[in-house]
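Because the structure is predicted, anything quoted here is derived from the model rather than measured. What you see below is based on every heavy atom in this structure, not just the backbone, and it leaves out hydrogens, waters and symmetry mates.
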Amino acid sequence: MALGDLMVASRFSQSSAAVSNHLEEFSAANGNHDAERNFTITNNTIIDNNINNSNARDLSETASSSYVAMTTTTSMSYLPQTVVLCELRHDGFEECVPSGPSDSGLVSKWRPRDRMKTGCVALVVCLNISVDPPDVIKISPCARMECWIDPFSMAPQKALETIGRTLNQQYERWQPKARYKISLDPTVDEVKKLCTTCRKSAKSERVLFHYNGHGVPKPTTSGEIWLFNKSYTQYIPLTMSDLDSWLKTPSIYVFDCSAAGTVVNAFIELLDYSTSSSGSSTRDCILLAACEAHETLPQSVEFPADVFTSCLTTPIKMALRWFCTRSLLHESFDYTLIDRIPGRQTDRKTLLGELNWIFTAVTDTIAWNVLPHDLFQRLFRQDLLVASLFRNFLLAERIMRSANCSPISYPMLPPTHQHHMWDAWDMAAEICLSQLPTLLEDPNAEFQPSPFFTEQLTAFEVWLDHGSEQKKPPEQLPIVLQVLLSQCHRFRALVLLGRFLDMGPWAVDLALSVGIFPYVLKLLQTTTPELRQILVFIWTKILALDKVDLVKDGGHTYFIRFLDSVEAYPEQRAMAAFVLAVIVDGHRRGQEACIEAGLIHVCLKHLQDSSLNEAQMEPLFLQWICLCLGKLWEDFLEAQIIGLQADAPAILEPLLSEPQPEVRAAAVFALGTVLDVGFDTSRDGLGDEDCDDDEKIQAEASIIKCLLKVVSDGSPLVRAEVAVALSHFAFGHNKHLKSVAAACGKHQSNSMLTSLPSFAVKGSGSGFTTPTHYMATGSIVPSPISPLLRVGNDRQAVARDGRVSTSSPLAAPGIMHGSPLSDDSSQHSDSGALHDFVSNGVVDRSGRRPLDNALYTQCVLAMCTLGKDPSPRVARLGRRVLSIIGIEQVVAKSVKSAGVSARHGEPTPTTSTRLAGLARSSSWFELNGGGHLPLTFRTPPVSPPRPSYLMGMRRVYSLEFRPHLMNSPDSGLADPLLSSTGPSGASERSFLPQSTIYNWSCGHFSKPLLIAADDSDDIIARREKREKLALDHIVKCQHSSVSKLHNQIASWDTKFETGTRTALLQPFSPVVIASDENERIRVWNYEEATLLNTFDNHDYPDCKGVSKLCLVNELEENLLLVASNDGNVRIWKDYTSKGQQKLITAFGSIQGHGHVRSVNAVVDWQQQSGYLFASGEISSIMAWDLDKEQLVSTIPLTSDSSISALAASEVHRGQFAAGFVDGYVRLYDIRTPEMLVGETQAHTRAVERVVGIGFQPGLEPAKVTLSPSPSLSTPTLTQDFLYPGFIFVLYLPSQIVSASQAGSIQFLDMRRARETYLTIEAHRGSLTALAVHRHAPLIASGSEKQVIKVFNLEGDPLGSIRYYPTLMAQKIGSVSCLAFHPYQLLLAAGAADSCVSIYADEISPRR
């Protein structure tokens, strides 16, 4: 199977495995299967395939949003399959900064950077033919062959010369480019001259010294080898120290003589001595010796006399001869045929080439499996000649050990002569040799390749099916590398290699340790179409772990061509874009090469195709196209100009509304990096021919407008990228932004509390503003002067501008002081240049025209919005952006105002906060720690509280106009350090916050892409178990008798100082969660009466209280959604473990999306659709898709009244009910064009604020039929389905329960919206909470008068829980919240006195 098909199949299997099918289990449990009835589950709906096509189609469309019930006797609830917030981006976004491909990681570790070459070979042959050495007693017959020549077959001198010449030829096969020098029966002086000449010739390359001492005595015990005198009458010793001093390093020695081990021992002592004396060893010496110190070379006639040299230089001939004497061929095979094997060693299509290829694969495999990987790299991958000698050395060990002789080496190798891969070699050799007679007799006979490589690939494939990181590595990996050299096996080998690399970083590390890198690098030069996909995949897995320079090898063009192709899958083209992004990441030469190859236009063409094509393009592909573009023009002005000329911002803008947050974040990254960071400084030296200023200004303005649209995006990943992009803009436009903030602050001080025209954005007809209007968290009025900003110690700027550099209507208290990122030229300019203003009030000293003033204003607002972001990481980035333009936020505790909210569109004369004091500002450099400390915002000792907010502002203004007071000890202003000259531009840029989307995205490719996650089976099993448990409990709820819920089974003192605000029961564990006005959350186990965890929802001092707690993915490892009164939503995981809670996402559900009149946001979560509905005192309802983390719908309100209660349907995707402060109840469905389905004024008294609302559980046992064309406003039912043992009923419950603050509870049927069919006067003017059970016919209400009442759906009171003053009675405070258990008859009640009680109908011991 091709890798592309494998990827598609794998993706399909993963998606299908994630869906649990309960019907199979239920039907199996009943033991009956109706073979005639064929059911299909689609879109969480059961459809009978026997229904005619038209009805089935209508039913499918209707049933996708209908209530599916499963039960044996009555209907059951629908269990949602939707799972959200479980992507890679939610794994530790707040806690850690991801790291992308490393500069010195796996590839760098195993890539042979310092390849060595043996440049010169010295061959010293001491045979002294016809004269035996005195210490050798030879047997008869004995081994005589030297280099396969019988020295006694010719004259001694001729034989010596022939042997020397043959030895030279044998070595040349392994290293033909080396320079060879032969010395026959030499003297010491001749050897010295030979060695010094070789070292001089080789320079820094390796020198090989081969010594044949068969005609001289054994080496001495001190390791001296013997040579001759000039007259050949004496043997002269040569010490290793002399030899080493002549050859120096690097070098390799081969000693073919008896007792050669003594030479190795002497050499090791010499190296140890030099190491101890110098303190470090830089010697690169390798030694190969024929035998150990006490051994003598074998003399058997079956071996040549130089068996060690023959193994090293002619391994195939030696191996085959030795094998034939021990195989079944030894009786029938003619040994002389071995010398006639046809072919060349380098031609793998011939018999000799095949044998050499197999031998290389076998010896490489043995070495890689037994040697440490770093030693394997040194001996088998660094030097071609050394690698060949060590492969052959393994053969020498096998052959000579059979003659009781043990070759040794330095570095020492473990024994390999009994490795089982030698059996594979023997088998391959036998198969090849069996063809040899036929091939020699018939020149036209065709050689049949050995099945060796096919069988080894099959073995590797078996390992891939069953292996893992914990098991032994696949020993066939070196063989896979060898197979890449053959076209017939290459594709299969690459596919298997891709599967192996996909198993994880450990697999990539193993493959690189084998030496795979140069092979796959070489394959980039091929043009074979079928290899392109798998090669891109392999390079993706390699580059996901380490950055590699492919430009110098021209590899980038391969991936650009692949990216431009149309045949590949989008996922594979995404991999090509990833590879190219790594190539250009921080690599100027890579950027230049890719620009020359037209990469920008290739990427933009794909983006244009995606916008023109109606079908959505693969999100991963879009994401990496954007990231590739961003990295391509990051800090590279030439590429930015090309992108702007190609209208890149306009092409990228539609991607900001893509459903995938990763795509939106990548698009923001691409837009942000095209901004020229050094707008005021770095471009001064460029001529007008580079880029027209007007075009540049227009492009920057369009980019900023695009970015402002996503400042309030639902994903912190996107908002973080917006903050980074705005930091680039703030750096280049620092003084303009600072001046705008100052001018806005001055204007507001003069106009008192009126809104700034420059800050105002025209509202739309629906009554809420466009997305470019931002209000930060905690803002009470449209444009309050809640912040306080100052310019600190910027004397020159103050004197020259002649005005106060204060700030803007930003949403939090702050101080603006001079930033070193401001223009340094202001310190040397004319202090009286008051005419430096441009018409819009912005100082322009850059020599270039700034952008529009209103755009700067919106940018400052957006920066402050980010500075108060609910995501801590985004908020930190936002505060760093503010520090760039000289604004520092000062934390001030808020004091509740006695004033009430103004009417919509009007400013209020009271502020929401009072400044407790002015903090002494820290300088921008102090905040950045000189480039190595994180940015922090401290609150040093403050001035005494001022009685008037405006007095404090006037005092600041007076200080601004008197620079000599700026440094006074009690002025509360910035330190003198700010007046010093800032660092250079290059170091200033290092202070800018860095993007993380690229590194986050790289993490995708480092994970397995072809196999499902290991824990998928566990997840499915856990979900199925919980579904069964939920269904069992639902049946009990629906069959429960009249329940009073009067038994208090648990009581918990939360110790909340402000009382309990919200409470929530977990569905599958005895856990209750509660929160208070200070947004402190506590988790309690009510069975064991133990506190599990306590944590704060956020670190901001101005807490608004929690309005709602919801469980997300309650059938999975559920998440805790915490909605604050200010509209901020934070979602936590691992919240039940002490100190282990993690924030996975956070966003403002109403901020920045409408005209915020006040806080008091109301939200509700719908698991079926994955939607979060949010509103409050704004003019619209926001529908958020948490899977997309995106605002998918904005529903304008038809009245001026705001929403006070929200309830999402447990049945219908996208349907919810809203209660208003004027007593109206409205039903909405975002699937319909008009959104509003029905409305009624349920509570008709003068002022009856709806404080609670909920959908009744649908429990009608009767079967209902559905009309052929169903309408959501008049819902009826179509068809009921029979399944063995179950009845599936589709119905549309539209009955709603709403409760008003005045105490009435209304039962509404939205099909007859103008009337309420039941009214309960539950409490008189004091109703505070309402809860409707999801499945049982129960509702509960609570009041300020310490009473909880329980009713059924007919309005009959079932009981009440009161405050009794007696000693043994239950005691509750003013009821603040009520919450039913999702699947059990349990009720949690929170009181204003910090007590949370849990009530059940069944009698059980009190806890």
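Rounded to the nearest 0.5 Å, atoms CG (Leu1092) and OG (Ser1137) are 8.0 Å apart. Atoms OG and CE, from Ser1175 and Met1182 in turn, are 7.5 Å apart once rounded to the nearest 0.5 Å. Atoms CG and CG, from Leu1065 and Leu1387 in turn, are 8.0 Å apart once rounded to the nearest 0.5 Å. To the nearest 0.5 Å, atoms CZ (Phe1147) and CH2 (Trp1184) are separated by 6.0 Å. To the nearest 0.5 Å, the span separating OG1 on Thr1090 from CG on Asn1085 amounts to 4.5 Å. With values rounded to the nearest 0.5 angstrom, Thr1136 atom OG1 is found 7.0 Å from Asp1134 atom CG.
With a 4.5 Å cut-off on side-chain heavy atoms, Leu1206 and Lys1108 do not count as touching. With a 4.5 Å cut-off on side-chain heavy atoms, Ile1203 and Phe1173 do not count as touching. For the pair Asn1097 and Ser1124, the minimum side-chain heavy-atom distance is below 4.5 Å. For the pair Leu1358 and His1046, the minimum side-chain heavy-atom distance is 4.5 Å or more.
Counting only distance, with no hydrogens or angles, the side chain of His1333 and the backbone of Pro1382 share no donor-acceptor pair below 3.5 Å. Within the 3.5 Å criterion, the main-chain N or O of His1212 finds a donor-acceptor partner in the side chain of Gln1166. A donor-acceptor pair is defined here as one N or O able to donate and one able to accept, closer than 3.5 Å; such a pair exists between the side chain of Asn1352 and the backbone of Glu1354. The closest donor-acceptor contact from the side chain of Ser1107 to the backbone of Val1162 lies at 3.5 Å or more, if one exists at all. The closest donor-acceptor contact from the side chain of Glu1079 to the backbone of Lys1104 lies under 3.5 Å.
Between Ser1394 and the options Thr1060, Thr1058, Asp1053, a side chain to side chain donor-acceptor pair (under 3.5 Å) holds for only Asp1053. With Glu1117 as the partner, the salt bridge (charged side-chain N to carboxylate O under 4.0 Å, His left out) test is satisfied by one option alone out of Lys1133, Lys1142, Arg1022: Arg1022. Under the side chain to side chain donor-acceptor pair (under 3.5 Å) rule, Tyr1383 has a single partner from Lys1036, His1335, Arg1026, Glu1114, which is Glu1114. Results of the side-chain contact (heavy atoms from CB on, under 4.5 Å) test with Leu1121 over Leu1186, Leu1109, Leu1111 single out Leu1186 as the only residue that passes. Considering Trp1132, Phe1095, Tyr1135 in turn, Trp1132 is the only one that fulfils the side-chain contact (heavy atoms from CB on, under 4.5 Å) rule with Leu1143.
Looking only at atom types and distance, the side chain of Gln1141 has a donor-acceptor partner in the side chain of Asn1093 under 3.5 Å away. A donor-acceptor contact closer than 3.5 angstrom is absent between the side chains of Ser1374 and Asp1393.
At a threshold of 4.0 Å, the pair Arg1061-Asp1076 does not count as salt-bridged, since none of the basic side-chain nitrogens sits closer than that to a carboxylate oxygen.
Taking all atoms of both residues into account, the shortest heavy-atom contact from Val1250 to Ser1298 is CG1-CB, 4.4 Å. Considering all non-hydrogen atoms of both residues, Arg1082 and Thr1054 come closest at NH1-O, 2.8 Å. Nearest heavy-atom pair across Phe1056 and Ala1074 is CZ-O, 3.7 Å. Closest heavy-atom contact between Tyr1171 and Trp1165: O-CE3, 3.1 Å. Scanning all heavy atoms of the two residues, the minimum distance from Leu1385 to Ala1336 falls at CD2-CB, 3.5 Å. Taking every heavy atom of both residues into account, Ser1341 and Leu1378 meet most closely at C-CD1, 3.4 Å.
Geometrically, Arg1226 engages Phe1220 in a cation-pi contact defined by less than 6.0 Å to the ring centre and at most 45° from the axis.
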